[in-house]
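Everything below concerns the one structure shown next.
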Protein chains: 2
Amino acid sequence: MSNLTTNFNNKTIKYKQLLSNFKSLLKKNSLKFTVQREVILKTLYNSDIHLTPESLHQLIQKKYPELKTGIATVYRTLSLLEESGIATSLSFGAQGKKYELGAKKHHDHLICTECGSITEFVDEEIEHRQQKITEELGFKMSDHSMQIYGICKKCQNK
Amino acid sequence: MSNLTTNFNNKTIKYKQLLSNFKSLLKKNSLKFTVQREVILKTLYNSDIHLTPESLHQLIQKKYPELKTGIATVYRTLSLLEESGIATSLSFGAQGKKYELGAKKHHDHLICTECGSITEFVDEEIEHRQQKITEELGFKMSDHSMQIYGICKKCQNK
DNA sequence: ATAGTTTTTGGATATAATTGCAAAAAATAT
DNA sequence: ATATTTTTTGCAATTATATCCAAAAACTAT
Ligand SMILES: [Mn+2]
Ligand SMILES: [Mn+2]
Ligand SMILES: [Zn+2]
Ligand SMILES: [Zn+2]
């Protein structure tokens with residue numbers, strides 16, 4: 001399936017560092033560093049909310065209209081970023097996918113099925129078990145994604 | 001977001017029981033029990049692999065050609081089943097969504113990013129932590145989904 | 001059983017996501 | 001710097017998914 005080579009983990013990093021990582025990833029895979037790719041990376045980096053491909057595209061068109069970035073490029077770049085572990089997507093069931101940069105430290109999501117609000121969390125015990133399970137089953141873990149669905153406090157009190 | 005009323009949990013159950021659950025769910029939500037909905041439920045139940053909407057549709061057309069079931073109905077019914085917790089979908093990144101019935105006992109997925117093979121597992125410790133975390137954050141958990149991505153044994157030896 | 005009411009359906013249409021392709025941009029070689 | 005090669009891009013075409021709507025089926029009340 002995926003056949004991209006990567007070698008760095010997602011950490012909380014400065015944009016400069018992220019950009020440099022991205023560049024070396026591209027080089028390692030004989031891909032080119034383009035202005036569109038940088039703009040997409042930067043826009044994701046500067047957003048603290050989860051973005052759909054469409055909303056990301058609109059943001060970019062507004063901020064860099066002279067680029068006339070195509071929606072296809074946004075989709076292609078998001079896939080690239082996800083495959084290489086720089087970004088992750090969050091599936092919202094019916095509501096489709098939203099993306100966020102893995103530049104933040106890894107975390108999982110608690111999603112309210114009433115109002116759609118998202119709470120991020122990490123639990124070391126779970127992280128540890130995941131690693132263990134994977135090993136037991138003979139896999140080599142590269143990534144994981146976990147979503148808990150429920151009703152948030154606010155919505156419970158309605 | 002979702003506003004369907006449900007009241008039973010997914011267990012390993014006989015088809016008859018599942019069907020009865022489905023019927024009462026429909027009634028409770030003023031939805032109608034139709035031959036298409038039953039065929040979709042039954043076909044999912046009898047499949048032990050994860051199905052895309054398209055492959056499910058093809059299966060049904062082959063087995064029940066006189067029904068001329070529309071693809072739109074398949075999509076609509078899958079959403080209905082997912083919303084009500086009877087089926088779950090598994091996001092395959094680029095490869096789209098696949099569905100399975102929650103009639104089997106709950107489990108999580110280990111997905112090989114090379115060959116796409118899927119291994120199912122459950123870890124009680126993780127299940128327990130998930131519940132605990134949710135409570136700590138003031139949520140009421142209704143469901144969760146967890147996928148671990150990696151390279152399977154077979155693909156490691158290639 | 002029949003008629004009235006509500007919901008679902010298939011097919012058409014609309015929108016979202018992916019892919020093919022020729023022109024443009026980036027990287028490399030000279 | 002310029003030419004050559006490789007990859008990417010935007011747009012168009014395709015495919016996947018969702019929505020609209022009038023006809024059909026399911027349910028309710030008689
Ligand atoms: Mn995690
Ligand atoms: Mn689980
Ligand atoms: Zn909420
Ligand atoms: Zn494999």
Side-chain angles (χ1 to χ4, degrees), chain A residues 1-5 19 22-41 51-58 60-61 64-84 87 89-99, chain B residues 1-5 19 22-41 50-61 64-84 87 89-99:
Chain A
M1 283 172 130
S2 166
N3 54 349
L4 274 173
T5 310
L19 185 61
F22 185 43
K23 281 183 177 172
S24 70
L25 163 85
L26 291 173
K27 187 150 284 178
K28 183 173 292 204
N29 292 279
S30 317
L31 302 174
K32 291 178 177 173
F33 178 71
T34 67
V35 53
Q36 288 84 350
R37 282 175 176 162
E38 176 170 13
V39 158
I40 290 168
L41 185 74
L51 293 169
T52 62
E54 191 53 60
S55 62
L56 176 56
H57 183 231
Q58 284 173 0
I60 289 172
Q61 289 212 313
Y64 312 91
E66 75 286 0
L67 267 185
K68 288 207 271 295
T69 312
I71 183 75
T73 299
V74 173
Y75 277 107
R76 282 186 289 232
T77 304
L78 284 173
S79 298
L80 168 65
L81 290 173
E82 181 163 33
E83 273 185 73
S84 59
S89 72
L90 199 44
S91 172
F92 272 72
Q95 283 73 222
K97 269 190 193 174
K98 294 185 180 178
Y99 287 82
Chain B
M1 284 173 125
S2 165
N3 54 348
L4 274 172
T5 309
L19 184 61
F22 186 43
K23 282 183 178 172
S24 71
L25 164 84
L26 291 173
K27 187 149 286 181
K28 185 175 289 206
N29 292 279
S30 316
L31 302 175
K32 291 177 178 175
F33 178 71
T34 67
V35 52
Q36 288 86 350
R37 282 176 176 163
E38 177 169 11
V39 157
I40 290 169
L41 185 74
H50 301 80
L51 294 168
T52 62
E54 192 53 60
S55 61
L56 176 56
H57 183 230
Q58 283 172 0
L59 269 182
I60 288 172
Q61 289 212 313
Y64 312 90
E66 75 285 0
L67 267 187
K68 287 209 270 296
T69 312
I71 183 74
T73 299
V74 173
Y75 277 108
R76 280 186 291 230
T77 304
L78 284 173
S79 298
L80 167 65
L81 291 172
E82 182 163 32
E83 273 184 75
S84 58
S89 72
L90 199 45
S91 172
F92 272 72
Q95 282 74 222
K97 270 190 192 174
K98 294 185 181 177
Y99 288 82

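Just so it is clear, the structure is predicted and the values come from calculations on it, not from any experiment. Quick note on labels: first sequence line is chain A, next is B, and so on, each numbered from 1.
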Residue whose nearest DNA chain C nucleotide is more 5′ - I71(A) or A72(B): A72(B)
Nucleotide nearest T73(B) when distance is taken to its side chain, options dT9(D), dG10(C), dT8(C): dG10(C)
Distance in angstrom units between E82(A) CD and dT18(C) P, rounded: 10 Å
Separation of dT9(C) C1' from Y64(B) OH (nearest whole Å): 18 Å
No-hydrogen, no-angle side-chain donor-acceptor test under 3.5 Å, T73(A) and Q36(A): no
Any side-chain heavy-atom pair of F22(B) and R37(B) under 4.5 Å: yes
For atom CD of E38(A) and atom P of dT8(D), their distance in whole Å: 16 Å
F33(A) side, atom CZ; L25(A) side, atom CG - distance, nearest 0.5 Å: 12.0 Å
Rounded interatomic separation in angstrom, taking CZ from R76(A) and P from dG20(C): 11 Å
Integer-rounded Å distance: dA16(D) C1' and Y99(B) OH: 12 Å
side-chain N/O T69(B) vs dT9(C) OP1/OP2, d < 4.0 Å: no
Between dT8(C) (C1') and F33(B) (CZ): distance, integer Å: 13 Å
Worked check of side-chain contact (heavy atoms from CB on, under 4.5 Å) between K97(B) and E82(B): CA-CA 12 Å; K97(B) 270 190 192 174; E82(B) 182 163 32; 4.2 Å; yes
Passing option when V39(A) is tested against T77(A), I60(A), V74(A) for side-chain contact (heavy atoms from CB on, under 4.5 Å): I60(A)
Distance, rounded to the nearest Å, where F22(B) contributes CZ and dT8(C) contributes C1': 12 Å
Toward the 5' end of DNA chain D, by each residue's nearest nucleotide, T34(B) or E54(B): E54(B)
Separation of dT17(D) C1' from K97(A) NZ (nearest whole Å): 14 Å
Sugar-phosphate only, base, or nothing, as touched by Q36(B) at under 4.0 Å among non-hydrogen atoms: sugar-phosphate
Sugar-phosphate, base or nothing in reach of R37(A), heavy atoms under 4.0 Å: sugar-phosphate
